[in-house]
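Notes follow the structure.
Each ligand, and each atom within it, is numbered from 1 in the order the structure gives. Please read these numbers as outputs of a predicted model, since none were measured by experiment.
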Amino acid sequence: MPSVDQARAWYPADDPVHGFDHVLRVLAVAERLAEQVGADGEIVRAAALLHDAAGAVPGPGSGRASHEQASAEFARSILAQEGWEPGRIEAVAHCIQAHRYRSVEAPRTLEAQVLFDADKLDVLGAFGVARTIAYALQAGEPIYAEPSEAFRSSGTGLPGEPHSAYHEYLFKLRRVADRLHTTPGRELGRRRSALLCEFFEQLAQEARGEP
Ligand SMILES: [Fe+2]
Ligand SMILES: [Fe+2]
């Protein structure tokens, strides 16, 4: 089993979106969910520590589009070096390959559903707000821009329309809680999502000069 100290070296320390503090939060929530739903704790723990280990930080040539594949490959090599049994290595790899909102592979095991839920719970709630804003700023986008009618109806903005943190909320984040799999994950998701929605709706009101 990779240790927390070993895992720390695979992640940037100072990235507010995909740094190691995200991994530690995902690990803590995933361990709790695993216990609540009776998932295999060892597989969940290894998957949480490794899930964003390769290619998750945006930047030139980082291959962010397939960081779930790169991280699964990395996990296979680390766990093989540790002498894990091939079936358990593949169980961890499946969790990692299926952890993204837009992963082609759906989470089909309890362990993969736990990792998916724990990772998505970190885009909801207070850290969800903080990370969404940090991500927008990293990408050179504003915190708020008025979404066009086109964006509101189709999710595709007009040419040159910024993709602000508020756009990301409208397009994706406000619906994430409905996509969670486990019962305790969905329960926590509803609470965190309520805070996220309240924050972004208030942000929009203030931006429009409404009280
Ligand atoms: Fe990820
Ligand atoms: Fe993640």
Side-chain angles (χ1 to χ4, degrees), residues 2 4 6-34 39 41 43-79 91-139 163 165 168-169 171-173 175-177 179-182 185-186 188-189 192-193 196:
V4 166
Q6 194 183 349
R8 195 184 306 275
W10 304 328
Y11 293 91
D14 56 354
D15 186 299
V17 182
H18 283 101
F20 194 57
D21 63 328
H22 160 67
V23 173
L24 290 177
R25 289 190 302 273
V26 170
L27 176 65
V29 171
E31 284 187 316
R32 198 163 79 235
L33 294 181
I43 289 189
V44 165
R45 189 174 164 83
L49 286 170
L50 283 152
H51 82 280
D52 282 332
V57 175
S62 67
R64 166 109 187 112
S66 64
H67 80 269
E68 69 277 31
Q69 299 298 340
S71 298
E73 220 23 73
F74 180 71
R76 285 187 184 98
S77 73
I78 293 285
L79 299 178
V92 172
H94 168 62
C95 296
I96 297 173
Q97 279 166 197
H99 87 270
R100 281 187 86 189
Y101 192 64
R102 58 197 106 175
S103 287
V104 186
E105 196 168 318
R108 54 172 193 268
T109 61
L110 204 49
E111 290 74 27
Q113 293 176 351
V114 161
L115 179 67
F116 181 96
D117 287 6
D119 189 55
K120 297 310 152 258
L121 283 162
D122 206 42
V123 296
L124 305 174
F127 269 103
V129 168
R131 290 176 73 221
T132 304
I133 289 174
Y135 189 84
L137 299 180
Q138 280 180 347
H163 189 85
E168 184 66 7
Y169 157 73
F171 170 68
K172 179 171 131 181
L173 296 180
R175 287 192 281 264
V176 165
R179 292 273 309 266
L180 302 183
H181 297 276
T182 67
R186 290 176 78 93
L188 192 49
R192 290 193 180 187
S193 196
L196 175 98

- Message: So, of the N/O/S atoms that D52 has, which is the nearest one to the Fe ion (ligand 1)?
- Response: OD1
- Kindly confirm whether the Fe ion (ligand 2) is within less than 2.8 Å of some N/O/S atom in H51? yes
- Query: Is there a donor-acceptor contact under 3.5 Å from the side chain of D117 to the main chain of L180?
  - Reply: no
- Message: Let me check your reading of the structure: within less than 2.8 Å of the Fe ion (ligand 1), is there an N/O/S atom from H99?
- Response: yes
- Note on the structure: Given the options H94, H51, H181, H99 meets ring-ring contact (aromatic ring centres under 6.0 Å, His included) only with H51
- Query: Do you know which N/O/S atom name in H67 is closest to the Fe ion (ligand 1)?
  - Reply: NE2
- Using a cut-off of strictly less than 2.8 Å, determine whether D119 has an N/O/S atom near the Fe ion (ligand 1). no
- Message: Main chain of F171, side chain of R175: is a donor-acceptor contact present, judged purely on distance under 3.5 Å?
- Response: yes
- Message: I need the minimum non-hydrogen distance between A93 and A72, along with the two atoms involved.
- Response: O-CB, 3.9 Å
- Polar side chain donor-acceptor pair, H22 to D15, under 3.5 angstrom: no
